[in-house]
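Here is the structure we will look at.
Each chain gets a letter, A, B and so on, in the order the sequences are listed, and its residues count up from 1.
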Amino acid sequence: MSTLHAPAPAGEAPAVKPATFAQALNTALADALAADDGVVVFGEDVGTLGGVFRITDGLTQRFGRTRCFDTPLAESGIAGMAVGMAMNRMRPVIEMQFDAFAYPAFEQVASHIAKMHNRTRGAVRLPIVIRIPYAGGIGGVEHHCDSSEAYYAHTPGLKVFTPATVEDAYLMLREAIDSDDPVVFFEPKKLYWSKAPVDLAELKDRYENRSPERREGRAVVARAGEDATLLAYGPSVPTALAAAATAAAEGRSLEVVDLRSLVPFDDETVAASVRRTGRVVVVAEAPGFASVAAEIVARVQERCFHSLAAPVRRVTGFDIPYPAPKLEKHYLPSVDRILDAVDDLQWED
Amino acid sequence: MSTLHAPAPAGEAPAVKPATFAQALNTALADALAADDGVVVFGEDVGTLGGVFRITDGLTQRFGRTRCFDTPLAESGIAGMAVGMAMNRMRPVIEMQFDAFAYPAFEQVASHIAKMHNRTRGAVRLPIVIRIPYAGGIGGVEHHCDSSEAYYAHTPGLKVFTPATVEDAYLMLREAIDSDDPVVFFEPKKLYWSKAPVDLAELKDRYENRSPERREGRAVVARAGEDATLLAYGPSVPTALAAAATAAAEGRSLEVVDLRSLVPFDDETVAASVRRTGRVVVVAEAPGFASVAAEIVARVQERCFHSLAAPVRRVTGFDIPYPAPKLEKHYLPSVDRILDAVDDLQWED
Amino acid sequence: MSQTVETPEDPILRASQTFGITPEQYMLPARGEIRMVDPSGRLLAPEEQGTGPGHEYPLPARDVLLDAYEKLVVGRRVNDQNSALVRQGRMAVYPSSHGQEACQVAAALCLEEGDWLFPTYRDTVAVMTKGVDPLQVMAIFRGEWHGGYDPYEHCVGIQSTPLTTQLLHAVGVAHAAKLRGEDTVVLAMCGDGATSEGDFHEALNFAAVFKLPVVFFVQNNGYAISVPLSQQSAAPSLAHKAVGYGMAGERVDGNDLVALLATLRRAVDLARSESEPLLVEAHTYRMQAHTNADDATRYRDDAEVQEWIAKDPVTRMRAYLGAEGVLDEAAEQRIAAAAEDVASALRDGMNADVEIDPLELFRHVYTEQTPQLAEQEQFLAAELAREETGQ
Amino acid sequence: MSQTVETPEDPILRASQTFGITPEQYMLPARGEIRMVDPSGRLLAPEEQGTGPGHEYPLPARDVLLDAYEKLVVGRRVNDQNSALVRQGRMAVYPSSHGQEACQVAAALCLEEGDWLFPTYRDTVAVMTKGVDPLQVMAIFRGEWHGGYDPYEHCVGIQSTPLTTQLLHAVGVAHAAKLRGEDTVVLAMCGDGATSEGDFHEALNFAAVFKLPVVFFVQNNGYAISVPLSQQSAAPSLAHKAVGYGMAGERVDGNDLVALLATLRRAVDLARSESEPLLVEAHTYRMQAHTNADDATRYRDDAEVQEWIAKDPVTRMRAYLGAEGVLDEAAEQRIAAAAEDVASALRDGMNADVEIDPLELFRHVYTEQTPQLAEQEQFLAAELAREETGQ
Ligand SMILES: Cc1ncc(C[n+]2csc(CCOP(=O)(O)OP(=O)(O)O)c2C)c(N)n1
Ligand SMILES: Cc1ncc(C[n+]2csc(CCOP(=O)(O)OP(=O)(O)O)c2C)c(N)n1
Ligand SMILES: [Mg+2]
Ligand SMILES: [Mg+2]
């Protein structure tokens, strides 16, 4: 299990009791349900059980079965019903139990959720959040560890978010729910139990009284550095931060950018970092071919070509199905693999 | 409608009666059905009607309902049944009526067709061909013009082919059917009625007596050139060739590589061209974000960074749903747009 | 609010008690398809109507029937006008419902104001009948945009192309309304072929489990493009699927507007009063090809088509209403004129050119444009500007 | 060859004539669930068995029952052994079928050699009973590889995780066999929750339309993880879904091995002789949590669990066979020893370490390795070599 990286730069009071990533999500859902009558949470086992990862724990008990409820076991049904509920002025937050179990809903997502607003020239908004626990590192059996973000990021009309910190788990889920556009919200499973000294009540206040300046869609520099930039998101952010820490000990200063939002993409923050460092490694867990990582490489070379001292490297999953538990360690981007890629960035040139 | 590009270099006899792309596919299916008892063709309207594009025309009449037949209207059913038939020693060739109507089958494709061979450590082979008429340029209504290749190219375990010439329509479909791996076979709809002086009987002989040296998985140089390389596939190949012809008239020599197979990818042919020209434009119709075009850009800069005189440019569809007929011309990669991108390749540097 | 989610007593059990039949008998369709007026226009006696205990339908009132007849005539006229416009090249494609207009009209007329309709690509006439301007309905087939009207204006979903997906949207609209305590009924349409899709199953099941007032209305026109019903389903009827979800199913003569209005209205009333879904299958026929791009002679005999001419819903209704004295010469003329007005407005509209700003392509993908799309819009704008200045 | 695709006469019509009932009565399940032995082990009189015309089942022979009982005891032992191995950390996850072993055993034993079984993750005992080495069945839960056995060896699909998808694979295997004129029957398993998925619908429909010999066997254990049947379906029973596809459905006491063997064997025989699909729903109970990762106390009362202890399939069968004189002390001991042998082999196997070559990850993605995967394999090989040499 990946350990948690340092808390976000936002200067927390040190005495705060740590919250887990899962708690942050749960609290975000509860706060959103409390804030807006139109928010409804549904999916498989999200009601009485509180979800297989307990992200919806206690919501039915607190808000009643009309606000958080179990559905029959059918993902296309869940997504399709969400379309209708959103058309009829609700804000559905739906859970796909695991990444690969969102595939049955693919037609509803790609052909309707992504396209209804465009189809109706803006008349119909679909403020739907599709929560997908994703990626590996938890020793899960087949179909429970896919990194499926590329399918959605490639589909115009969807926003794609993925938090990497406890604070972002809360804030980005609130932003996703408040977004008038559909958001595919990818939750890195292996971070569910990660902790940080975050005061969730304070976050709620901060979010609900936030300044108009938006964080949504923005990347953040998770660690500042000078020699090269690691671009990472979701489950790979802690790995990238760990690599940067190791590199620092070896005298190399790596900047880590946490992309947070894959769609929209924060070209500005990325380009600013790349132009400064001139060297880039993109880290992501999904198979590399035709992936979000490929997009990032393409964008970076399109926009920052003349700043690059070396080709942009990718450290991604292999182009193979996610391995069985006993082999996943060979698949996952590791600190060593990232550092090897950094070493490869033609420092002698 | 895009006009047909020059015939493949393989020096046809000039007197041959032209065949259409659709006829080539139809003949390939017929020849495959004749060559191997295990081949079965099924899908929606492929039997009596011969398919909405008539690609399966006459097959039921000639081979009987056990070899080419209609199914109930359910794409997941079609794909899932193909899995079982392939497990039981058949070679199903299934048709998805249009690109977006393959989405209901996504779970069967991504979770089973792509993964069964791996799951069983090679015990179960799934020689399935999924034929998908794709892409636009035909004035189709919504859901009939998606370029969905990225979803499949990103999924390990699938091969992804897309022919751009009449000859390749025949040869690559035969290769796909003979492949022991599942192949997603993308047929550019707008090329169905394109013609070339190809002798399909001769092609059959050539294919059935082919040398062991394989064409499968290889790109071809569709037009040789020196100043820059256009990397294109499927429906964009004729556009790229047209651009190269125009550029030639203006004194610029563009090489056009027809990628043919997206998975596996022919790095060798691509890199050889790029190393020679030093300038690259990738042309593809799908939305660019996290697309196959992005992958190509990423690979090219990873492998040929120091040969590049300018960033690799993309001319792709915009990141929007495919437009309604009256607006599609603004979406599709055009000769002008390609030439503008070529002009942008920092020739003064 | 949670009160509204649970029905105090199961309506199926209650109904079966009331009618002295088993719950299965209540849920399974009546022995025959419901028919009230025969192809010659004769009103059938109750015992000829195919009904039975728990499956009985009152005859709609005369003014309802006259109004419906007018819509039927207008619908037929619009179907034929559109086919003509396609032949003239003013429209790219049109999936005509010629022959199915009785289903179309009844689907819209059985609903109250505020009730929702979820149609398919073939349901132009139903959409119009629910109030949408025919010209707006046609935008999609004319290739202007993927949807031509605002769904909220008349509570009509966009004509759905991906088969059966819209049934789930209907379920969602009904669910949201029910959670808010509103008594909206939703009628969701699909074809016989579409019943084979997984979403059909999921939609019916969701509606039944959540006890939602959705009427699933299947127009069984015998074909899914070229595939006949016998290759689509082996069930005794499509209405027999209802019992597998715990809901009631009924089949009705889809060319008998009287029976359609009667069964659908009762279905809508039951859906509303009991908050339960129902399945109605109408047996009808698509007289023309799937669309103008299709060649129906490849898969069906003309003899079969000819048989159905004798069952035409318009002539049947005209004969019936004439015989009943509801329709006289004057009314017939008034209705024909009304149909002509609609057709000519449609022609005029279709002959007028539409200008669409290509930059609109980037404006509705998200409610708030992303930086990426802003860039791409600028790219196209610059390209268009260059073209304009001829560079 | 085309001969085999069409049945000369519809078997449902034929059967309904034979039994003097309507086709609907034949297709709908019998009034009650079929039960032959009550929870105390008493053989029920025919009129107590819930059967009826067209729904009658002969009692299996004594040797069949004794053999089945042995498999039942072994199955129970394996379930409990596996749960223990999970507790000891030798296995990551195990979805136990404790309580459902009668279904598991009957599902395998009703098939002939060469017939196929398509199981789910919960069907370990069925897979074993069909002949697969328990250790190979466990590979998936131990995390070695995504599938632990060669499906062709015993004609058993890999335990399926994506719910209901395997039903379509079953349909395909049957279809291929039928096209070749082979009379293979395929039994496809799924849970109650899984019946809500679209693939369930598509599989049953395909099987019915193509008239394929597939027995769909639903183990209704009352829950899909935490979701009870009442939130999954509003149907009178899951077996009622069959009529909507034009096939026959039956429900059976899923803890009564005798009734299960009787109904499933007849289903398999009918499937083979008539080339038609059938749906059998067994009502049973999952005595333990969904998997070891689940906490069942969150969604069900212990009282409910306790009730089902009284219906346990193993004690019931033991009581019945003992009373019938089929099972004596010696046989009981022999069977217990056999179960112990299987368990201890399993323990030994699980305690042995498995070595898997990480480079195998790149070897089975395609039948022929792509250049890209060759490159990636080299990359990992080099990395492993560096690790080995400690760089
Ligand atoms: C998911 C999906 N698959 C395939 C198609 C292509 N298609 C369009 S209409 C049609 C036949 C539909 O038949 P039916 O449901 O009976 O409706 P009808 O056209 O007869 O009104 C097909 C296969 C589609 N639109 N959507
Ligand atoms: C397509 C899909 N969606 C969701 C899941 C997650 N999941 C695994 S088991 C399960 C419940 C299955 O219930 P049921 O079909 O009744 O079988 P049981 O576990 O009771 O044997 C769920 C939701 C899955 N495996 N596949
Ligand atoms: Mg139809
Ligand atoms: Mg269950």
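Within the 4.5 angstrom heavy-atom criterion, atoms from both the backbone and the side chain of A/Glu75 approach chain D. Interface remark: A/Phe101 contributes side-chain atoms only to the contact with chain D (heavy atom separation under 4.5 Å). D/Glu383 touches chain A through its side chain: at least one heavy atom from C-beta onward sits under 4.5 Å away, while N, CA, C and O do not. Interface residue A/Thr48: backbone and side-chain heavy atoms are both found under 4.5 Å from chain D. In this structure, the portion of D/Phe379 lying under 4.5 Å from any heavy atom of chain A is its side chain and not its backbone. In this structure, chain A has a heavy atom under 4.5 Å from the side chain of D/Leu373, while its backbone stays farther away. Only the side chain of A/His143 comes within less than 4.5 Å of a heavy atom in chain D; its backbone stays farther off. Residue contact with chain D, scored on non-hydrogen atoms closer than 4.5 Å, involves the side chain of A/Asp340 exclusively.
Contact residues of residues 138-150 of chain D toward chain A are D/Ile140, D/Arg142, D/Gly143, D/Glu144, D/Trp145, D/His146 (heavy-atom distance under 4.5 Å). Within residues 193-201 of chain D, the residues having any heavy atom closer than 4.5 Å to a heavy atom of chain A are D/Gly193, D/Ala194, D/Ser196, D/Glu197, listed by residue number. Using non-hydrogen atoms only and a strict 4.5 Å limit, the part of residues 85-95 of chain D facing chain A consists of D/Val93.
Atom-to-atom distance recorded for D/Phe118:CZ and D/Leu168:CG is 10.5 Å, nearest 0.5 angstrom.
Taking the charged nitrogens against the carboxylate oxygens, A/Asp336 and D/Arg386 have no contact shorter than 4.0 Å, which rules out a salt bridge.
Under a 3.5 Å cut-off, the side chain of A/Asn26 and the backbone N or O of A/Ile55 do form a donor-acceptor pair. Side-chain atoms of D/Asn221 never come within 3.5 Å of backbone atoms of D/Arg286 as a donor-acceptor pair (strictly under, hydrogens ignored). Although no hydrogens or angles enter the test, the distance criterion places a donor-acceptor pair under 3.5 Å between the side chain of A/Thr60 and the main chain of A/Cys68. Side chain of A/Ser236 to backbone of A/Thr239: no donor-acceptor contact under 3.5 angstrom is found. Side chain of A/Ser291 to main chain of A/Ala294: a donor-acceptor pair is present (N/O by atom type, distance under 3.5 Å, no hydrogens or angles). Remark: side-chain polar atoms of D/Gln166 are paired, donor with acceptor, to backbone N or O of D/Met189 under 3.5 angstrom.
Taking the six-membered ring where the residue is Trp, A/Phe53 and A/Tyr192 present tilted rings, their angle falling between 30° and 60°.
For D/Asn220 and D/Glu281, the side-chain atoms include at least one donor-acceptor pair closer than 3.5 Å. Using a 3.5 Å distance cut-off with no hydrogens or angles, the side chains of A/Asp99 and A/Ser148 do not pair a donor with an acceptor. A/Asp45 and D/Tyr299 share no side-chain donor-acceptor pair at under 3.5 Å. Judged by distance alone, the side chains of D/His240 and D/Arg251 never bring a donor and an acceptor atom under 3.5 Å apart.
A/Ser76 is not listed as a side-chain neighbour of A/Tyr103, based on a closest heavy-atom distance of 4.5 Å or more.
For the pair A/Arg279 and A/Trp347, the cation sits on the ring face: its NZ or CZ lies under 6.0 Å from the ring centre, inside 45° of the axis.
Chosen from A/Asp70, A/Leu327, A/Val141, A/Val52, the residue pairing most often with chain D at heavy-atom distances under 4.5 Å is A/Leu327.
The only member of D/Gln159, D/Gln104, D/Gln100 that meets side chain to side chain donor-acceptor pair (under 3.5 Å) when paired with D/Asp123 is D/Gln104.
Screening residues 294-305 of chain D for salt bridge (charged side-chain N to carboxylate O under 4.0 Å, His left out) gives A/Asp57-D/Arg298 as the qualifying pairs, with residues at least two apart or on separate chains.
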